[in-house]
2 protein chains.
Amino acid sequence: MPKQVDYEERRLRIAEAVCALIARSGMEAVSLRDVAAEAEVSMGAVQRCFRTKEDMLLFALEHISQRVSERANQRIAATSTPQSAATLLSHTLAELALLDEESRDQAHVWLAFVSHAPSSERLAAVLQETYGKLHDLVAWLIHYGQDTQEIPQRLDAAQEAQTLLAVADGLTVHVIAGHQCPEAASAVLQRHVDSLLR
Amino acid sequence: MPKQVDYEERRLRIAEAVCALIARSGMEAVSLRDVAAEAEVSMGAVQRCFRTKEDMLLFALEHISQRVSERANQRIAATSTPQSAATLLSHTLAELALLDEESRDQAHVWLAFVSHAPSSERLAAVLQETYGKLHDLVAWLIHYGQDTQEIPQRLDAAQEAQTLLAVADGLTVHVIAGHQCPEAASAVLQRHVDSLLR
DNA sequence: GCGGTTATGATGCAAGTGCATCAGAAAAGG
DNA sequence: CCTTTTCTGATGCACTTGCATCATAACCGC
């Protein structure tokens, strides 16, 4: 039996390289050569992992989608010390808004993919699915808050989730566009969550 | 005196072509040749109008920034039949969210520029300025609503303006990403404006 | 007309693109 | 050892890119 290679690991490594490149210099700066250099593999290796460039981008998007979702989910599951539903909600949303320094790259990448969704049906499908999951997550958190009496029953969880997600994404846009600093965005988000309570 | 040409008009024509291309197939599909073809001028003409490609993109961004701002401002100024501050606010925001069919292209273009702002300081500057204007506009509208007693005095106009803008932009993102249809987004926006009244 | 100025668009060019190809390296079984 | 099979990375290729060049065309005051 001949040489065997862990393709999954390499794919991940390449996906990370793609994200780093997008974050650093935008999506149109992503070429197979640059990706290979960034991932410190040869171009041939990249081509072996992904049949086409689009496949590669798609995988990278799936990768960061998964990372974002997972991070939010863990934040909830790993709540050892039981927190109030309100803080859980606001922390989760702050995470989803990708405001902190170390998520900045992911925010760039995410936005880059959104803005290219109209030109690629496959990208659009992944985005749609991820947004669906995030919506369900936020809606669930609101329901939870209603169960603990922190959030008024009269509110429609699904509708409020849409608004909350929109606020989070809008703030991401504002930060990337330089219209707001992350701290101000964080405050706006917090204020809006607070307005749901009471 | 030799041939004279209306450069301003041609620049606008080219800017429109750039926007059409971005909307149709994304920002990395914008090449000087394609722009020239779309604008139905020769490549030489494009090069004469803009020293570099970046200059061209910058002009295109300024163009649509101006269009969006102007449209919102006109909506307000041209209110012959005096409307309630509330409907004025919600209509203006619906316009800013670029939800209707004919603004869809502008939404794509806007988002494309935002996602490239990190790689170009000049683009970022234009975006920042435009966002500043839009914020002031929305804040003014809220103040106006407070003057007419439609919006509670206790609300901080500047803060609510940030949130409203974020909701609008977030919904734009959601529509482009295919997570919501324009009608649903419109409803979310309307609901959030309503929550400010009362 | 004519001269002088400006605009035009075809062409050239070097660099970069995604993808295909293929001689050879590497590894594991015989 | 050698064979067999997988993997590698350099190279080639056709194409596109942004930008520079320049002979020619278009124009207007004279």
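Here the structure is a predicted model, which is why all the values come from computation and not from measurement. Residue numbers start from 1 in every chain, and the chains themselves are labelled A, B, ... in the order their sequence lines are given, proteins ahead of strands. Computation of the quantities below employed the complete heavy-atom set of this structure, encompassing side-chain atoms and omitting hydrogens, waters and symmetry-equivalent molecules.
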Using whole Å, what does the distance between atom [atom2] of nucleotide [N] and atom [atom1] of [X] come to?
X        : N       : atom1 : atom2 : result
Leu21(B) : dT17(D) : CG    : P     : 11 Å
Asp6(B)  : dA7(C)  : CG    : P     : 12 Å
Met27(A) : dT17(C) : CE    : P     : 14 Å
Phe50(A) : dG18(C) : CZ    : C1'   : 15 Å
Met56(B) : dC19(D) : CE    : P     : 9 Å
Met43(A) : dC19(C) : CE    : P     : 9 Å
Lys53(B) : dT17(D) : NZ    : C1'   : 8 Å
Leu58(B) : dG18(D) : CG    : P     : 16 Å

Ignoring the backbone of [X], work out which of [options] is nearest its side chain.
X        : options                   : value
Arg33(A) : dT17(D), dT8(D), dG18(C)  : dG18(C)
Asp34(A) : dC19(C), dC19(D), dT17(C) : dT17(C)
Arg10(A) : dT17(C), dC19(D), dT8(D)  : dT8(D)

Checklist entry - Ring centroid separation for His174(A) and His135(B), is it under 6.0 angstrom? => result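 That pair fails the under 6.0 Å test.
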
Next on the checklist: Strictly below 4.0 Å: does Ser42(A) bring a side-chain N or O up to OP1 or OP2 of dT8(D)?
Outcome noted: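 No, Ser42(A) has no side-chain N/O under 4.0 Å of OP1/OP2 on dT8(D).
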
Next on the checklist: Could you check whether Arg191(B) pairs with Glu160(A) (Lys NZ or Arg NE/NH1/NH2 to Asp/Glu carboxylate O, under 4.0 Å)?
Outcome noted: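 Answer for the salt bridge query: yes.
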
Item to check | Pairing of Arg13(B) and Glu16(B) as salt bridge, 4.0 angstrom limit | outcome: no

Item to check | 5' priority, DNA chain D, between Arg48(A) and Val30(B) [closest heavy atom] | outcome: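 Residue closer to the 5' terminus by nearest nucleotide: Arg48(A).
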
Checklist entry - Starting at the 5' end of DNA chain C, which residue's closest nucleotide do you reach first, Arg51(A) or Ala29(A)? => result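 Its nearest nucleotide being more 5', the pick is Ala29(A).
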
Next on the checklist: Can you work out whether Gly44(A) or Leu32(A) has the more 5'-proximal nearest nucleotide on DNA chain C?
Outcome noted: Leu32(A)

Item to check | Heavy-atom side-chain contact between Ser115(A) and Met27(B) under 4.5 Å | outcome: no

Checklist entry - With a non-hydrogen cut-off below 4.0 angstrom, is Tyr7(B) in contact with a base, only sugar-phosphate, or nothing? => result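 Sugar-phosphate contact only - Tyr7(B) comes under 4.0 Å of backbone atoms but never of a base.
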
Next on the checklist: Has Arg33(B) got a side-chain atom pairing as donor or acceptor with Met43(B)'s backbone, closer than 3.5 angstrom?
Outcome noted: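 Looks like no, no N/O pair under 3.5 Å.
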
